[in-house]
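I'd like to ask you about the structure that follows.
Residue numbers begin at 1 in each chain, while the letters A, B, ... track the order of the sequences.
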Protein chains: 2
Amino acid sequence: MKLAVQIKMTKSLYLRDPEQSELGRNIIKHSIQLIQKTGFESFKFKKLAESIGTTEAGIYRYFENKHKLLVYIISWYWGWLDFQIGYQTNNVKDPISKLKLVIKILTNNVNKDLIPSHVDESLLHQILIAEGSKSYLTKHVGEDNNQQYFKPYKDLCNSVGEIIKECNTQYQFPHALASTLIEVAHLQNFFIHNLPTITNFDQTKKEDKIIEFLNNLVFSSIKC
Amino acid sequence: MKLAVQIKMTKSLYLRDPEQSELGRNIIKHSIQLIQKTGFESFKFKKLAESIGTTEAGIYRYFENKHKLLVYIISWYWGWLDFQIGYQTNNVKDPISKLKLVIKILTNNVNKDLIPSHVDESLLHQILIAEGSKSYLTKHVGEDNNQQYFKPYKDLCNSVGEIIKECNTQYQFPHALASTLIEVAHLQNFFIHNLPTITNFDQTKKEDKIIEFLNNLVFSSIKC
DNA sequence: AATAAATAATAGTATTACTATCATTTATAA
DNA sequence: TTATAAATGATAGTAATACTATTATTTATT
């Protein structure tokens with residue numbers, strides 16, 4: 001029997017559970033490909049339906065609208081990242097090594113194929129970088145939050161925050177630093193690839209530079 | 001004669017310069033109000049035209065589409081912030097005090113009415129927090145960048161980066177830290193107001209907490 | 001007073017984000 | 001097996017949106 005990760009998703013995000021049918025899984029799989037390829041603004045349910053070989057109505061039976069589908073996909077990734085962190089740092093005793101590993105995981109710089117999955121994580125990571133903040137930068141963020149849409153994100157922030165606490169119990173802002181770390185990992189990745197003149201990273205071994213920057217940022221803040 | 005700040009805007013952002021006519025200035029003014037009120041996704045040129053008392057065609061003579069209008073508004077704010085920083089830190093000799101003042105300015109925690117302006121900066125600040133990253137999180141960010149749309153943003157990052165350098169010439173990542181500082185100031189402001197459980201700031205004197213967090217983040221990183 | 005530029009008024013189009021309906025296939029249960 | 005329900009496919013339709021085009025009118029410039 002294969003090991004499969006089950007990420008628990010908020011029920012109100014979907015009309016029909018996409019994990020439970022072939023069509024549902026296809027919706028997720030092709031959404032990831034299309035959103036990554038065209039960007040969220042140009043992502044249309046009609047194109048999605050065509051690429052799957054179904055109709056618009058078929059998609060709408062699973063997701064009310066494309067924003068919920070985006071939130072679903074992104075939440076799935078947060079849940080999956082949270083799981084990865086728990087799984088991969090499981091044997092690491094030293095909290096500082098643990099936090100360093102977390103930074104690597106957040107920059108997508110570690111082998112995640114330890115656990116097989118039916119989604120393409122590297123595409124998902126790119127979606128996170130380019131579209132992630134659109135999931136909460138809306139006027140209805142409050143209602144979405146009440147519906148627990150951001151629970152996986154908050155759980156992840158909490159997990160990272162707890163590791164930060166382990167490193168230095170005296171540090172005042174573990175959760176703020178955790179959310180900063182998560183977002184800045186994506187932000188700098190976006191900048192380095194799309195607005196390179198904004199940072200002064202040289203363009204060789206980009207990911208390593210981001211990790212170096214983040215390590216410096218986090219560990220000097222918590223004085224380790 | 002009144003002192004008026006002129007922020008230099010990239011010409012390719014508009015079709016007709018909105019600074020040069022009453023209608024143009026109205027477009028900017030009402031856009032700011034509408035975007036802040038309804039969010040960018042629900043912001044429609046038709047509603048904008050109605051609120052000004054003109055027609056859709058009138059708006060389209062100034063801006064090709066609503067994304068360019070957003071970029072215009074946001075760029076204006078970056079340019080204005082950059083100017084504020086130059087102006088307000090002008091007499092400050094000590095680079096550390098200077099950087100502290102920059103952090104205050106970025107968190108909107110300082111009196112900016114020193115210089116009069118026909119736009120409402122506090123509305124603009126809210127737009128920046130909620131919509132700012134949408135200006136570059138697109139598939140056409142590369143072309144937009146080639147058109148110099150992000151020059152004011154980069155200039156601001158550069159100004160802040162230079163002040164960071166003044167504080168510690170040895171610090172390796174002044175520009176990355178500058179962009180991080182600018183974005184995190186907005187991010188934490190958004191979180192504290194919209195997803196409060198994500199940070200562990202208590203809800204009193206929110207802005208002060210953000211400043212404290214940012215000061216800690218920046219000054220420990222550059223070891224001052 | 002003549003000319004050009006800017007604006008207003010109106011209409012039109014292709015696309016989009018859905019909703020509704022009904023027929024057909026597939027799974028489940030008696 | 002048959003009856004029943006659930007999921008899917010096929011098709012059509014609608015209101016709203018993001019524009020473009022055209023012509024008339026007002027305002028500014030020479």
Check the surroundings of atom NZ in B/K205: do more than 12 heavy atoms from other residues, nucleotides or ligands lie under 6.0 Å from it?
-> no

Going by heavy atoms closer than 4.0 Å, what residues in residues 30-40 of chain B are next to DNA chain D?
->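 None, since no heavy atom is under 4.0 Å.
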
Check: B/N108 and B/E207 side chains under 4.5 Å, non-hydrogen atoms |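 The answer is no, as the side chains (C-beta and beyond) never meet within the 4.5 Å cut-off.
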
Run the ring-centre check on B/Y136 versus A/F190 and record whether the distance is less than 6.0 Å.
->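 When the ring centroids of B/Y136 and A/F190 are compared, they turn out to be within the sub-6.0 Å range.
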
Are any of the side-chain nitrogens in A/E50 or A/K47 under 4.0 Å away from the carboxylate oxygens of its partner?
-> no

Got a sec: does the NZ of A/K66 have more than 12 other heavy atoms crowding it under 6.0 Å?
->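 Yes, because the 6.0 Å sphere around NZ of A/K66 holds more than 12 heavy atoms from other groups.
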
Quick one: what's the B/S/- string for nucleotides 9-22 of chain C, heavy-atom cutoff under 4.0 Å, read 5' to 3'?
-> BB-----SBBBB--

Hey, can you pull the residues of residues 10-17 of chain B with a non-hydrogen atom under 4.0 angstrom from DNA chain C?
->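 DNA chain C contact set from residues 10-17 of chain B: B/R16.
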
Distance in angstrom units between B/E22 CD and C/dA8 P, rounded |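 From B/E22 CD to C/dA8 P: 11 Å.
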
By side-chain hydrogen bond (donor to acceptor under 3.5 Å, both in side chains), A/T180 pairs with (sequence neighbours left out) B/Q188

Is the shortest side-chain N/O distance from B/S21 to OP1 or OP2 of C/dT7 below 4.0 Å?
->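 Indeed, a polar side-chain atom of B/S21 lies that close.
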
A/L23 has an atom CG; how far is it from atom P of C/dT26, in whole Å?
->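 One finds 13 Å between P of C/dT26 and CG of A/L23, rounded.
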
Report the residues that fulfil side chain to side chain contact (heavy atoms under 4.5 Å, CB included) with A/Q126, sequence neighbours left out, ordered by chain and then residue number.
->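 Counting only residues at least two positions away or on another chain, A/Q126 forms a side chain to side chain contact (heavy atoms under 4.5 Å, CB included) with A/Q36, A/S122, A/L123.
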
Inspect the contact between A/E22 and A/R25 and indicate whether a charged nitrogen and a carboxylate oxygen are less than 4.0 angstrom apart.
->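 Yes, this pair counts.
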
What's the CD1-P distance between B/I52 and C/dA6, to the nearest Å?
->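 From B/I52 CD1 to C/dA6 P: 17 Å.
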
Could you give the CD-to-C1' distance, from B/Q20 to D/dA28, as a whole number of Å?
-> 14 Å

Kindly state whether the ring of B/W80 and the ring of B/F83 have centres lying under 6.0 angstrom apart.
->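 Not under 6.0 Å, so no.
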
Over how many whole Å does the gap from B/K68 atom NZ to D/dC19 atom C1' extend?
-> 14 Å

Residues forming a side-chain hydrogen bond (donor to acceptor under 3.5 Å, both in side chains) with A/H30, sequence neighbours excluded |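 Partners of A/H30 under the side-chain hydrogen bond (donor to acceptor under 3.5 Å, both in side chains) test: none.
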
Does B/Y62 make a side-chain N or O approach to OP1 or OP2 of C/dT7 shorter than 4.0 Å?
-> yes

Neighbour count >12 (heavy atoms, 6.0 Å) for atom NZ, B/K206 = yes

How many Å lie between CZ on B/R25 and P on C/dA6, as a whole number?
->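 Going from CZ in B/R25 over to P in C/dA6 covers 14 Å.
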
